[in-house]
Number of protein chains: 4
Amino acid sequence: MICHIDAGNGIPIYEQIERQVKFSIANGSLLVGERLPSVRELAVQAAVNVNTVARAYRELQQQGVLDSIRGTGMSVSAAAPDICRQDRLQMIRDRLRSVLQEALQNQISVQEVRSLVDSEWQSLTQQDSG
Amino acid sequence: MICHIDAGNGIPIYEQIERQVKFSIANGSLLVGERLPSVRELAVQAAVNVNTVARAYRELQQQGVLDSIRGTGMSVSAAAPDICRQDRLQMIRDRLRSVLQEALQNQISVQEVRSLVDSEWQSLTQQDSG
Amino acid sequence: MICHIDAGNGIPIYEQIERQVKFSIANGSLLVGERLPSVRELAVQAAVNVNTVARAYRELQQQGVLDSIRGTGMSVSAAAPDICRQDRLQMIRDRLRSVLQEALQNQISVQEVRSLVDSEWQSLTQQDSG
Amino acid sequence: MICHIDAGNGIPIYEQIERQVKFSIANGSLLVGERLPSVRELAVQAAVNVNTVARAYRELQQQGVLDSIRGTGMSVSAAAPDICRQDRLQMIRDRLRSVLQEALQNQISVQEVRSLVDSEWQSLTQQDSG
DNA sequence: GTGGTCTAGACCACC
DNA sequence: GTGGTCTAGACCACG
């Protein structure tokens with residue numbers, strides 16, 4: 001579990017951590033039962049505040065993604081892979097819906113949106129960064 | 001210029017005002033040179049504080065969308081339509097790009113994205129709501 | 001006396017009127033004893049508010065540049081030419097001093113200022129506008 | 001970063017703060033990445049309201065001079081030195097141009113302007129005050 | 001602790 | 001009447 005944080009991109013750091021944990025679970029980098037780095041470890045590795053990591057872990061636990069092992073740390077729950085896979089689709093669907101809503105309000109046609117999607121997708125896959 | 005404010009949707013009030021002004025300019029409801037409601041008027045109409053409206057107007061002025069005529073009020077600048085039309089496209093393009101980036105990270109194919117776009121677009125246009 | 005007003009350049013309209021009256025007196029377009037247009041006339045001609053012209057006239061009278069003729073209007077005072085000629089120099093001297101002060105604070109050398117003066121002067125005299 | 005505010009000199013307080021921050025960046029007193037005093041600190045030090053400092057910081061951020069790091073504070077952006085140095089030159093150039101324009105309108109020769117510059121510069125450097 | 005938003009109410013210059 | 005500035009004090013999200 002390596003975490004890449006970009007402070008100053010508008011997305012709260014605790015949320016960036018949450019996403020990356022979920023992403024790792026969804027794609028199988030983190031397996032059910034596997035232990036996560038301690039809040040202190042991850043805080044040092046990602047150069048963020050301990051409280052921030054703790055908040056991310058806490059919210060993941062509330063969502064049923066992580067189990068807290070008494071006095072030992074957090075581990076990936078049995079339900080996590082399902083949750084995370086559903087989650088990533090839902091998140092994308094929601095954000096997409098909100099963008100489309102705005103496009104609709106601005107009288108942009110579905111054709112224009114489609115071509116925007118294609119052109120942006122190309123520019124993203126060509127540089128292949130992130 | 002009627003302004004509908006939804007306090008509590010997370011978007012700052014002054015930004016909601018900015019968007020609605022820009023939107024009205026982009027679609028021709030507000031013409032170049034036309035006067036906007038005074039800060040006091042709009043504050044009453046939208047049930048928000050005068051300073052909040054003033055901030056929205058000030059930022060629009062800084063962006064070159066509004067001219068402030070001393071003692072007279074605010075009016076739509078000559079460059080406003082261009083700025084606003086570019087603005088709305090750019091905003092949508094940026095948000096779309098960010099969604100696509102996330103889709104890419106989650107190994108979702110462009111076909112899946114396309115079908116998501118189409119299905120969400122349909123559901124939005126059918127209910128036709130705001 | 002034709003007055004050209006540029007609302008929206010930051011300089012108060014009443015002050016623009018004052019300057020143009022003084023300028024006309026200093027260069028002899030307005031002679032001692034000559035009557036000025038009525039506030040209403042000038043307001044119409046310059047497309048500004050009557051109160052604004054009235055304020056300009058009032059301040060010019062307070063400065064001794066204009067005499068108010070009972071119920072008839074304003075006329076150029078005997079002392080006006082002297083006042084206006086001194087005034088224009090003083091005004092320029094003051095503004096120049098303030099610019100130089102800022103240049104000094106920003107550690108700009110007198111040589112740089114001199115070359116700025118020359119280059120700006122050239123660009124102003126070439127187009128010869130204003 | 002010590003801020004000296006002169007309330008009542010006509011220049012808005014938030015603008016005085018902006019200028020002093022930019023000035024400090026331009027002359028190297030504030031380095032790229034360096035943290036600025038918190039809005040509350042600076043408000044106390046300069047004896048002004050927190051909101052006033054916040055406005056200055058916000059506008060500097062909008063200009064790309066400051067980065068706002070969530071929950072951490074404001075810091076000097078990478079582009080700041082360039083922006084600030086260009087800024088100070090442009091501001092002086094603009095004001096100088098406006099003075100020269102007025103001089104031109106008043107039929108003052110470039111020689112007179114030059115000698116004014118020199119004499120005023122001398123009087124400013126001799127007293128060497130702020 | 002940090003900045004960000006909002007309200008309420010005051011005072012100002014300008015038209 | 002108009003916008004512009006400032007203060008005071010509250011609440012919020014983030015670290």
Side-chain angles (χ1 to χ4, degrees), chain A residues 5 7-8 10-17 39 43 46-56, chain B residues 5 7-8 10-17 35-43 46-58 60-62 66-75, chain C residues 5 7-8 10-17 43 46-56 59, chain D residues 5 7-8 10-17 35-43 46-58 60-62 66-75:
Chain A
I5 296 304
I11 302 169
I13 293 177
Y14 72 86
E15 205 175 318
Q16 296 186 42
I17 297 175
V39 286
V48 299
N49 192 287
V50 184
N51 294 323
T52 308
V53 180
R55 174 167 181 183
Chain B
I5 297 304
I11 303 170
I13 295 176
Y14 72 87
E15 204 175 320
Q16 295 185 43
I17 298 175
R35 269 206 51 205
L36 274 79
S38 79
V39 286
R40 290 167 182 86
E41 268 181 85
L42 188 48
V48 299
N49 190 275
V50 185
N51 291 322
T52 306
V53 180
R55 173 168 179 186
Y57 278 11
R58 187 199 331 137
L60 287 168
Q61 187 201 350
Q62 285 168 346
L66 298 185
D67 288 332
S68 148
I69 313 176
R70 258 189 323 285
T72 303
M74 310 293 282
S75 67
Chain C
I5 296 303
I11 303 169
I13 293 178
Y14 72 87
E15 204 175 320
Q16 295 185 44
I17 297 175
V48 299
N49 192 285
V50 184
N51 295 323
T52 309
V53 181
R55 173 168 181 183
E59 300 206 344
Chain D
I5 296 304
I11 302 170
I13 295 176
Y14 72 86
E15 206 176 318
Q16 295 185 43
I17 297 175
R35 270 205 51 204
L36 274 78
S38 80
V39 286
R40 290 167 183 85
E41 268 180 85
L42 188 49
V48 299
N49 189 276
V50 185
N51 290 323
T52 306
V53 180
R55 175 169 177 186
Y57 278 11
R58 188 199 330 137
L60 287 168
Q61 188 201 348
Q62 285 168 347
L66 297 186
D67 288 332
S68 149
I69 314 177
R70 258 189 323 285
T72 304
M74 311 293 285
S75 67

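Small disclaimer: the values here were computed from a predicted structure and weren't measured. In what follows, chains carry the letters A, B, and so on, assigned in the order in which the sequence lines appear, proteins first and then strands, with residues in each chain numbered from 1.
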With sequence neighbours left out, what residues match [X] under side chain to side chain donor-acceptor pair (under 3.5 Å)?
X	value
Arg58(B)	none
Gln61(B)	none
Asp67(B)	none
Tyr57(D)	none

Shorter than 3.5 Å, N or O on both sides, protein versus nucleotides 13-15 of chain F: list them out with atom names.
residue, atom, partner, partner atom, Å
dC14(F), OP2, Tyr14(A), OH, 3.0
dC14(F), OP2, Arg55(A), NH2, 3.3
dC14(F), O3', Arg70(D), NE, 3.1
dG15(F), OP1, Ile13(A), N, 3.3
dG15(F), OP1, Arg70(D), NE, 3.0
dG15(F), OP1, Arg70(D), NH2, 3.3
dG15(F), OP2, Ile13(A), N, 3.4

Using the test salt bridge (Lys or Arg N to Asp or Glu O under 4.0 Å), find all partners of Arg70(B) that sit at least two apart in sequence or belong to another chain.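 Expected list: none.
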Who are the salt bridge (Lys or Arg N to Asp or Glu O under 4.0 Å) partners of Glu41(D), not counting sequence neighbours?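 Partners of Glu41(D) under the salt bridge (Lys or Arg N to Asp or Glu O under 4.0 Å) test: none.
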What stem regions, each of at least 3 consecutive Watson-Crick or G-U pairs below 3.5 Å, can be found for DNA chain F?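 Stem segments, range with range: E:1-14 with F:1-14.
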Chain C footprint on DNA chain E, 5' to 3' - any atom under 4.0 Å from a heavy atom: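 The contact span of chain C on DNA chain E goes from dC14(E) to dC15(E).
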In chain order, what residues pass the side chain to side chain contact (heavy atoms under 4.5 Å, CB included) check against [X], with sequence neighbours excluded?
X	value
Ile69(B)	Thr72(B), Ser75(B), Ala7(C)
Ala54(D)	Val39(D)
Asn49(D)	Asn51(D), Thr52(D)

Given DNA chain E, 5'-ward residue of the pair Ala47(B) and Ile69(B), judged by closest heavy atom: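 The residue whose closest nucleotide sits nearer the 5' end is Ala47(B).
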